[in-house]
Structures are given as structure tokens and as C-alpha cells.
Undergrad: 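There's a structure below that I have some questions on.
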Amino acid sequence: MSTPAVVCRGLRKRYDDVVAVAGLDLEVANGECFGLLGPNGAGKTTTIEMLEGLTPPDGGELVVLGRRWDDRRARRALQERLGIQLQDTQLSEKLTVAETLRLFRSFYRRSHTVEETLRRVALEDKAHAWVGKLSGGQKQRLSVACALIGRPELLFLDEPTTGLDPQSRRQLWDIVADFRHAGGTVVLTTHYMEEAERLCERVAIMDRGRVIALGSPRELIASLGAEHVVEFALADHARVPEGEFAALPGVRAVRPMGDRIALTVERVHEAVPALLALMAKSNAELSDLETHHATLEDVFVALTGRQLRDA
């Protein structure tokens with residue numbers, strides 16, 4: 001068994017009266033893509049900044065690539081083995097893309113070439129463009145390129161695709177997948193459930209500084225007990241007892257969500273006709289109805305009673 005890339009036990013961080021991280025236990029295997037999921041304020045960024053050595057923890061044990069950040073002799077050597085893309089990377093807009101990468105390359109004793117790194121992030125045609133002239137997606141790819149140029153063993157990505165259009169998001173997913181296929185380890189934070197399901201072998205769902213669920217995306221979704229969700233709203237403030245929905249065929253769980261209701265169901269083709277029949281019997285109407293495959297967002301709602309966007 002190889003040594004894990006990251007081990008933390010009882011990790012804690014407080015800012016005045018706010019507990020950002022409350023006794024976190026995590027272990028990330030070498031070669032794994034591990035995701036930290038949760039809403040804004042869940043403690044994801046504080047956690048990843050402690051793992052990166054940027055923020056000292058208030059307590060707990062933290063080992064990254066077999067080294068500890070409080071060992072000053074090991075600190076510099078450890079920094080050279082990491083690639084870090086911050087949530088809000090500020091790059092000089094007066095430098096070109098190639099100049100920016102040459103600057104970051106100078107920080108490392110071993111590195112990829114600028115040309116090779118540009119190819120990896122598909123920015124070859126922007127080598128001589130000013131950073132200030134790049135699109136949002138191109139700037140994100142450049143920030144990832146800065147993290148990759150030092151040949152890292154462990155890559156930290158903090159909300160790497162926030163605000164990007166779907167095409168730019170998928171381009172970054174491909175970059176992460178290529179890094180992993182070459183043997184690298186990735187720790188990323190995100191609140192995009194599709195991103196976590198696409199990239200991560202395991203995820204930790206965080207809420208209020210704690211891990212509330214840990215496992216592979218498939219395992220966590222399976223914990224709901226069914227593969228589909230039927231979500232609907234009743235028209236004209238109609239009321240139907242919750243037990244009536246629970247008794248519908250194939251329904252495994254009923255979750256009120258403000259003015260909407262979500263049913264976790266085994267067989268959509270049975271549950272939806274039965275729901276419509278119940279509406280007719282109750283003299284009630286639906287103002288909205290949609291179905292989808294269960295996702296990690298549904299896991300979060302089942303655990304907390306809140307949606308990620310509301311949390």
C-alpha cells in the first residue's frame with residue numbers, strides 16, 4: 001500500500017466566532033481525484049488552503065505527500081511538488097501568456113517547457129496575447145497552466161470552473177483527466193454536482209465545516225435508495241397529506257422543499273401516472289412537474305433538507 005497523498009485528522013480552523021472547519025478527517029490516495037463538495041461557506045476553501053500550506057490550522061494533524069507544513073526544512077521541497085490554482089487567481093494583465101508561464105516556471109527547479117504547457121491547456125495560439133485580453137475561460141486555463149508547469153505530483157483546484165460556459169468547463173475537465181491519466185493526484189472543490197460525478201472517484205460532501213457524507217458518487221447516490229427523482233409543485237396552494245405521496249408505488253422517500261416536493265422513486269413510469277391519479281382524486285393540480293436521475297445534489301438535500309443554491 002502506498003502512502004496516501006493527503007492525510008488530515010481532526011483539522012480545525014476558526015475565524016473569530018465563525019468555525020470554518022470543525023474537526024475534519026480526510027484521506028486522499030495517490031493517483032485519485034478527490035472532490036470537496038458543498039455550498040458557499042461550507043469550509044471547502046479553508047480546508048484546501050490548509051492542505052496547500054497557505055493557512056495554518058488551529059488544531060489537528062495534517063500530512064501532505066508524507067511531509068508536514070510545520071517542518072520548515074521540508075516546506076520548500078513540498079511546495080515544489082504541488083500545483084495550486086486558487087479560487088480567484090490574479091495574474092498581471094500587462095504580461096503575455098508566454099511571459100506569465102515563464103515567470104511561474106522560474107519558481108521551480110524542474111518544470112515543463114512553456115510550449116509544452118501551452119499545448120496541454122490548448123492556448124498555443126494565445127502565447128503572445130496580453131493576459132488582460134483573454135476570455136474568462138482562457139484565463140482559467142492559464143491559471144491551471146501556471147499550476148501545471150512545475151510538474152506537480154499533487155494538483156489543488158479551488159472552484160476551477162465557476163462562471164465558465166459549458167464548453168470552457170469541459171475543456172478544463174479534459175485537462176484534469178489528462179493530468180490524472182499521467183499519474184497525478186487531484187484535490188478539487190466545487191459546487192457543480194455534474195463536475196464531481198464526472199471527475200472524482202470519491203467525494204466528501206461538506207456542510208458547516210464538517211464532512212456529512214463520504215464515498216464514490218455512485219455509492220452516495222445509491223444511498224438514496226432509488227435512481228430517479230420526481231419534483232413537482234402544487235397549484236393554488238393546494239394541500240395533499242404527505243402520507244399520500246409516500247404511499248404511491250415505488251416511492252422510497254418524500255422531501256418537502258419549500259413550495260415544492262421531491263419524491264425519490266424506483267420506477268418513474270409507475271410513479272408519475274400514480275401521482276397524476278392522486279391529483280385528480282384530491283381535486284388538486286400541478287403547477288410544475290419534472291423528473292431527473294438522482295444526483296449528488298439530491299444527496300445533499302436528503303442529508304440537510306436544503307438545496308445547494310439555497311445553502
Side-chain angles (χ1 to χ4, degrees), residues 1-13 21 24-36 44-92 95 98-121 141-160 175-189 200-202 204:
M1 295 289 290
S2 61
T3 303
V6 174
V7 177
C8 58
R9 298 283 182 261
L11 206 60
R12 303 190 305 277
K13 186 66 182 181
V21 178
L24 196 68
D25 295 332
L26 284 179
E27 190 168 301
V28 179
N30 274 303
E32 179 178 27
C33 184
F34 187 91
L36 292 173
K44 306 186 305 297
T45 293
T46 299
T47 296
I48 205 168
E49 287 180 349
M50 288 190 285
L51 301 183
E52 294 164 343
L54 300 178
T55 298
D58 293 333
E61 179 185 8
L62 175 57
V63 180
V64 178
L65 298 177
R67 305 289 184 95
R68 299 176 186 272
W69 283 114
D70 53 9
D71 182 348
R72 291 187 177 182
R73 292 175 299 177
R75 189 176 183 88
R76 175 58 183 167
L78 180 53
Q79 287 172 331
E80 293 218 13
R81 301 169 66 189
L82 305 181
I84 296 174
Q85 179 261 334
L86 302 175
Q87 187 174 120
D88 186 19
T89 301
Q90 298 294 326
L91 300 173
S92 174
L95 294 178
E99 288 169 342
T100 301
L101 287 178
R102 280 198 291 271
L103 173 63
F104 275 78
R105 186 173 185 248
S106 70
F107 302 154
Y108 300 93
R109 282 174 284 196
R110 69 186 194 106
S111 62
H112 295 292
T113 66
V114 170
E115 293 73 18
E116 180 183 3
T117 306
L118 286 172
R119 283 196 300 273
R120 294 184 75 182
V121 299
R141 278 185 278 151
L142 178 57
S143 69
V144 173
C146 293
L148 291 173
I149 199 164
R151 294 180 179 268
E153 301 170 41
L154 173 58
L155 181 62
F156 289 105
L157 303 173
D158 192 4
E159 303 281 5
I175 293 168
V176 174
D178 290 342
F179 177 78
R180 288 234 20 262
H181 291 156
T185 304
V186 179
V187 177
L188 66 86
T189 73
C200 300
E201 279 131 322
R202 288 191 306 140

Undergrad: What's the shortest heavy-atom distance between A5 and T185, and which atoms?
TA: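 The pair with the smallest heavy-atom distance is CB-CG2, 3.9 Å.
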
Undergrad: State, with a plain yes or no, whether a side-chain heavy atom of T189 is found less than 4.5 Å away from one of L157.
TA: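 No; the side chains remain at least 4.5 Å from each other.
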
Undergrad: Going by side chain to side chain donor-acceptor pair (under 3.5 Å), name the residues that satisfy it together with S111, two or more places apart in sequence or in a different chain.
TA: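 With neighbours one apart ignored, the set is R105.
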
Undergrad: Taking salt bridge (Lys or Arg N to Asp or Glu O under 4.0 Å) as the definition, give me every residue that meets it alongside E27, ordered by chain and number, with sequence neighbours left out.
TA: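 Here the qualifying residues are R9.
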
Undergrad: Given side chains that start at C-beta, do those of T100 and S92 come closer than 4.5 Å, heavy atoms only?
TA: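 A side-chain contact under 4.5 Å is absent here.
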
Undergrad: D58: which residues meet the side-chain contact (heavy atoms from CB on, under 4.5 Å) condition with it, sequence neighbours left out?
TA: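 Testing D58 for side-chain contact (heavy atoms from CB on, under 4.5 Å), a comparison that skips the adjacent residues, returns K13, R14.
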
Undergrad: Would you indicate whether the side-chain heavy atoms of R180 and L155 approach each other to under 4.5 Å?
TA: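 No; the side chains remain at least 4.5 Å from each other.
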
Undergrad: For F34, what residues pass the ring pair (Phe, Tyr, Trp, His ring centres under 6.0 Å) criterion, not counting sequence neighbours?
TA: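 So F34 forms no ring pair (Phe, Tyr, Trp, His ring centres under 6.0 Å) with any residue.
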
Undergrad: So, W69 side chain and L54 main chain: donor-acceptor pair closer than 3.5 Å or not?
TA: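 No, the answer is negative, given that no donor and acceptor are paired below the 3.5 Å cut-off.
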
Undergrad: Considering all heavy atoms of both residues, which atom of A147 and which atom of P152 are nearest to each other, and what is their separation?
TA: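 Heavy atoms only, the tightest pair is O-CG, 3.4 Å.
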
Undergrad: Could you walk me through whether L65 and L82 pass the side chain to side chain contact (heavy atoms under 4.5 Å, CB included) test, one step at a time?
TA: CA-CA 9 Å; L65 298 177; L82 305 181; 3.8 Å; yes

Undergrad: What I'd like to find out is whether the side chain of L36 reaches to under 4.5 Å of the side chain of L26, using heavy atoms alone.
TA: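 Yes - at least one pair of side-chain heavy atoms lies under 4.5 Å apart.
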
Undergrad: Rounded to the nearest 0.5 Å, what's the gap from CG on L103 to SG on C146? Could you check?
TA: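 Answer for the CG-SG pair, L103 versus C146, is 8.0 Å.
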
Undergrad: Checking R67 now: which residues fulfil salt bridge (Lys or Arg N to Asp or Glu O under 4.0 Å) with it, not counting sequence neighbours?
TA: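 R67 satisfies salt bridge (Lys or Arg N to Asp or Glu O under 4.0 Å) with no residue once adjacent residues are dropped.
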
Undergrad: Which residues satisfy the ring pair (Phe, Tyr, Trp, His ring centres under 6.0 Å) test with F107, sequence neighbours excluded?
TA: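 Ring pair (Phe, Tyr, Trp, His ring centres under 6.0 Å) list for F107, sorted by chain: F104.
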
Undergrad: Minimum heavy-atom separation for V186 to F179, with atom names?
TA: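 Heavy atoms only, the tightest pair is CG2-CD2, 3.5 Å.
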
Undergrad: For the residue pair V121 and L142, establish whether any side-chain heavy-atom pair is separated by less than 4.5 Å.
TA: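 Counting from C-beta outward, V121 and L142 never come under 4.5 Å.
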
Undergrad: Are any non-hydrogen side-chain atoms of I175 and R120 less than 4.5 angstrom apart?
TA: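 Heavy-atom side-chain distance check fails, nothing below 4.5 Å.
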
Undergrad: Any pair with a residue in residues 76-87 that passes salt bridge (Lys or Arg N to Asp or Glu O under 4.0 Å), sequence neighbours left out, goes on the list, sorted by first then second residue, please.
TA: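 The answer is R76-E80, E80-R109, R81-E153.
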
Undergrad: List in chain and number order the residues that pass salt bridge (Lys or Arg N to Asp or Glu O under 4.0 Å) with E159, two or more places apart in sequence or in another chain; answer none if no residue qualifies.
TA: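 Once residues adjacent in sequence are excluded, the partners of E159 under the salt bridge (Lys or Arg N to Asp or Glu O under 4.0 Å) criterion are K44.
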
Undergrad: With sequence neighbours left out, what residues match T45 under side-chain contact (heavy atoms from CB on, under 4.5 Å)?
TA: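 Per chain and number, T45 pairs via side-chain contact (heavy atoms from CB on, under 4.5 Å) with E49, Q87, D158.
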
Undergrad: Given side chains that start at C-beta, do those of C8 and D25 come closer than 4.5 Å, heavy atoms only?
TA: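 Contact flag for C8/D25 side chains = no.
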
Undergrad: Apply side chain to side chain contact (heavy atoms under 4.5 Å, CB included) to the pair V6 and V63, showing each step before the final yes or no.
TA: CA-CA 6 Å; V6 174; V63 180; over 6 Å; no

Undergrad: Please report the interatomic distance CG(L78) to CG(D71), rounded to the nearest 0.5 Å.
TA: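 Going from CG on L78 over to CG on D71, the span is 9.5 Å.
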
Undergrad: Enter the distance from E116:CD to L148:CG here, rounded to the nearest 0.5 Å.
TA: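 Reported to 0.5 Å precision, the distance equals 10.0 Å.
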
Undergrad: Listed by chain and number, what are the side chain to side chain donor-acceptor pair (under 3.5 Å) partners of R12, not counting sequence neighbours?
TA: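 R12: no side chain to side chain donor-acceptor pair (under 3.5 Å) contacts found.
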
Undergrad: With sequence neighbours left out, write down each residue that passes side-chain contact (heavy atoms from CB on, under 4.5 Å) with T117, or none if nothing qualifies.
TA: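 Applying side-chain contact (heavy atoms from CB on, under 4.5 Å) to T117 gives L101, H112, A145, I149.
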
Undergrad: Go through L86 and E52 one step at a time and tell me if the side chain to side chain contact (heavy atoms under 4.5 Å, CB included) criterion holds.
TA: CA-CA 10 Å; L86 302 175; E52 294 164 343; 4.1 Å; yes

Undergrad: Between R68 and L62, is there a side-chain heavy-atom distance shorter than 4.5 Å?
TA: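 Counting from C-beta outward, L62 and R68 never come under 4.5 Å.
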
Undergrad: Which atom names give the shortest non-hydrogen contact between V144 and Q85, and what distance separates them?
TA: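 Scanning both residues completely, I find the closest heavy atoms to be CG2-CG, 4.2 Å.
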
Undergrad: Who pairs with R75 by salt bridge (Lys or Arg N to Asp or Glu O under 4.0 Å), at least two apart in sequence or on another chain?
TA: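 Partners of R75 under the salt bridge (Lys or Arg N to Asp or Glu O under 4.0 Å) test: none.
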
